[in-house]
Number of protein chains: 2
Amino acid sequence: MSSPCDLEAQLKLDNQLCFMLYACSRAVTRAYRPKLDALGLTYPQYLVLLVLWEWQQTPPAQATVKALGERLLLDSGTLTPLLKRLESLGLVERRRAQHDERERVLVLTEAGVALKSQAAEVPQTLLCESGASLEELAQLRDQLAVLLKRFA
Amino acid sequence: MSSPCDLEAQLKLDNQLCFMLYACSRAVTRAYRPKLDALGLTYPQYLVLLVLWEWQQTPPAQATVKALGERLLLDSGTLTPLLKRLESLGLVERRRAQHDERERVLVLTEAGVALKSQAAEVPQTLLCESGASLEELAQLRDQLAVLLKRFA
DNA sequence: AGCAATTAGATTGTGCGCAATTCTTTTTAG
DNA sequence: CTAAAAAGAATTGCGCACAATCTAATTGCT
């Protein structure tokens, strides 16, 4: 029902929307990389630690792999090896829950807790480097939250 | 120079911004997956074909791996194996340039050209399913373009 | 012409993402 | 009380991303 011209436009609009999301996500990750390298972390590892640091303030019902996966929208296929790496770095412990041996309870080590203060400087530095305003970024965050609800 | 409270807030704002980008990008890719599965394509392969289809209308100086990498912000380490898969699917040819044997010239096969009409339905379908307005998505695209310029 | 520097692409190795499967433990039904 | 179903993680396999390295071709300089 659409002319060839519509299809061209559709493919281009699509490109400039879903691709922008894809390219921006990678660009921001790339910007984080040098700062996180200094901490010995990858970007997904940093996100996991952000959640665990938040959980220090506001503990969830259970600090399990499942709860972490729900927060980050990731599954055990991604998280299990990542958490093993964080464990081998001495930042996280993966204990079995006493009340349910299927569950892994995630606990920050002393080193994992201590890393928080260093990590706190990372977003601050990037905010400055980007030259963006807090309002601009907050507005974008809100729009992305709407989009995420539509798709997730 | 910041109070503990500022650091907490910073880590949370950061979470809700860079994480939103990361989560949205994956959510949109996830939404594309079933449609692209039907075409036998992955999301990055679809993006590559979008560029090659655009190049049919507006050919670049050289349709090389380098030009494709500049368009998609990807390097040969990602593109070379991806293009080999598209080649083995019979969608793309990877010819050597006659004037410079280092360059690979990318050419759509007949099947690669033919796939375009099927692919054109994909973003249309997703737009409907998302329930989002074109204006909403266009505004988001523009904001992401600004962010990409800041970081890329 | 001859040789260093540059460039295009390919290769290698690590770490995600995610679908699909498997393993174990727990819960539920009959 | 046991067999079946369900739940939480782990494992397997594939395809990106990307840094680092390598190879081969081209360009520039003298």
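Letters go in sequence order (proteins before strands), and every chain restarts at 1.
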Candidates [options] - which lies nearest the side chain of [X]:
{"X": "A:R33", "options": "C:dT25, C:dT11, D:dC18", "result": "D:dC18"}
{"X": "A:Q45", "options": "D:dG15, C:dC16, C:dT11", "result": "C:dC16"}
{"X": "B:E101", "options": "C:dG9, D:dT26, D:dA9", "result": "D:dT26"}
{"X": "B:D75", "options": "C:dG9, D:dA19, C:dC18", "result": "D:dA19"}
{"X": "B:D100", "options": "D:dA25, D:dG8, D:dC18", "result": "D:dA25"}
{"X": "A:R104", "options": "C:dG17, D:dC16, D:dA10", "result": "D:dA10"}

query = Is there a donor on the side chain of A:S76 or the base of D:dA10 sitting less than 3.5 Å from an acceptor on the other?
reply =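 Pair found.
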query = Once you round it to whole Å, what is the distance between P of D:dG8 and CG of A:L83?
reply =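 Rounded to the whole Å, the gap is 16 Å.
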Answer yes or no: does a side-chain N or O of [X] lie under 4.0 Å from OP1 or OP2 of [N]?
{"X": "B:R94", "N": "C:dA10", "answer": "yes"}
{"X": "A:K84", "N": "C:dC16", "answer": "no"}
{"X": "B:R102", "N": "D:dT27", "answer": "no"}
{"X": "A:T42", "N": "C:dC16", "answer": "yes"}
{"X": "B:R26", "N": "C:dC18", "answer": "yes"}
{"X": "B:R30", "N": "C:dG17", "answer": "no"}
{"X": "A:Y22", "N": "D:dA17", "answer": "yes"}

ask   = Taking for each residue the nucleotide of DNA chain C bearing the nearest heavy atom, is the 5' side occupied by A:G77 or by A:H99?
value = A:G77
Is there a side-chain contact between [X] and [Y] (heavy atoms, below 4.5 Å)?
{"X": "A:W53", "Y": "A:L115", "result": "yes"}
{"X": "B:V113", "Y": "B:L91", "result": "no"}
{"X": "A:L140", "Y": "B:V146", "result": "no"}

message = Between A:R104 and A:R96 (side chain of the first, backbone of the second, donor and acceptor by atom type, cut-off under 3.5 Å), is there such a pair?
response = no
message = Looking at A:T42, is its backbone amide N or carbonyl O close enough to the side chain of A:Q45 to form a donor-acceptor pair, meaning the two atoms are under 3.5 Å apart?
response =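 Yes; at least one donor-acceptor contact below 3.5 Å.
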With heavy atoms under 4.0 Å as the rule, sort [X] into base, sugar-phosphate or nothing.
{"X": "A:L68", "value": "nothing"}
{"X": "A:L79", "value": "nothing"}
{"X": "A:T64", "value": "sugar-phosphate"}
{"X": "A:T78", "value": "base"}

